[in-house]
**Student:** 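Next up is a structure, given as structure tokens.
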Amino acid sequence: MSARMEIRYSKAAVRALMHMPANTAMRIRAKIEQYAADPAGLANNVRRLRGGNEMRLRVGDWRVIFREDGVVLAIIRIAPRGAAYD
């Protein structure tokens, strides 16, 4: 069993979490924690984005854009589905 990844949030991601409804923010943070503990468990909700090394995690109508290197899970952006890829 591998060690859990360290999660680091960007300022933009923290701001997004603070401005959304609390129950939505808790759901997104729970999915991020779940991915950090077991990436294979959420494989069907994770895709690599084209043109870079960023990936996205789908949480309902929200998208979490992140990078990971096996040790650190860097949360770059959290946005509604339509605005996540701008």
**Student:** Could you tell me if the side chain of Val59 sits less than 4.5 Å from the side chain of Arg27, heavy atoms only?
**Tutor:**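 In short, these two side chains touch, coming nearer than 4.5 Å.
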**Student:** Which atom names give the shortest non-hydrogen contact between Tyr35 and Met55, and what distance separates them?
**Tutor:**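 In this case the closest contact between Tyr35 and Met55 is OH-CE, 4.1 Å.
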**Student:** Enter the distance from Arg48:CZ to Asn53:CG here, rounded to the nearest 0.5 Å.
**Tutor:**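 Those atoms lie 7.0 Å apart.
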**Student:** Could you give the distance from CG (Leu49) to CZ (Arg67), rounded to the nearest 0.5 Å?
**Tutor:**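 Nearest 0.5 Å value for the CG-CZ distance: 10.5 Å.
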**Student:** Could you tell me which non-hydrogen atom of Ala36 sits nearest to which non-hydrogen atom of Pro39, and how far apart they are?
**Tutor:**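 Closest heavy-atom pair between Ala36 and Pro39: O-CD, 4.4 Å.
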**Student:** Against Leu73, only a single residue in Val64, Ile7, Leu57 fulfils side-chain contact (heavy atoms from CB on, under 4.5 Å); can you say which?
**Tutor:**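 Among Val64, Ile7, Leu57, the one meeting side-chain contact (heavy atoms from CB on, under 4.5 Å) with Leu73 is Ile7.
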**Student:** With a 4.5 Å heavy-atom cut-off, do Lys31 and Gln34 have their side chains touching?
**Tutor:**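 A side-chain contact under 4.5 Å exists here.
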**Student:** Is the closest side-chain heavy-atom distance between Met20 and Ile78 below 4.5 Å?
**Tutor:**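 Met20 vs Ile78: side chains touch.
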**Student:** Donor-acceptor pair, Arg58 side chain versus Arg47 backbone, under 3.5 Å?
**Tutor:**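 Pair absent, no side-chain N/O of Arg58 close to backbone of Arg47.
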**Student:** Got a salt bridge between Glu6 and Arg8, using NZ or NE/NH1/NH2 to carboxylate O under 4.0 Å?
**Tutor:**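 A salt bridge links Glu6 with Arg8.
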**Student:** Do you reckon Met26 sits in the same ILVMFWY cluster as Met18, going by side-chain contacts under 4.5 Å, direct or chained?
**Tutor:**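 No, separate clusters.
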**Student:** May I ask you to test the Val72-Met5 pair for a side-chain heavy-atom distance under 4.5 Å?
**Tutor:**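 Of all side-chain heavy-atom pairs linking Met5 with Val72, none is under 4.5 Å.
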**Student:** Supply the atom-to-atom distance Phe66 CZ to Ile76 CD1, rounded to the nearest 0.5 angstrom.
**Tutor:**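 Those atoms lie 9.0 Å apart.
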**Student:** For the atom pair CD1 (Ile75) and CD1 (Ile32), what is the distance rounded to the nearest 0.5 Å?
**Tutor:**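 Those atoms lie 4.0 Å apart.
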**Student:** Does Arg77 have more than 12 heavy atoms from other residues, nucleotides or ligands lying within 6.0 Å of its CZ?
**Tutor:**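 Above 12, so yes.
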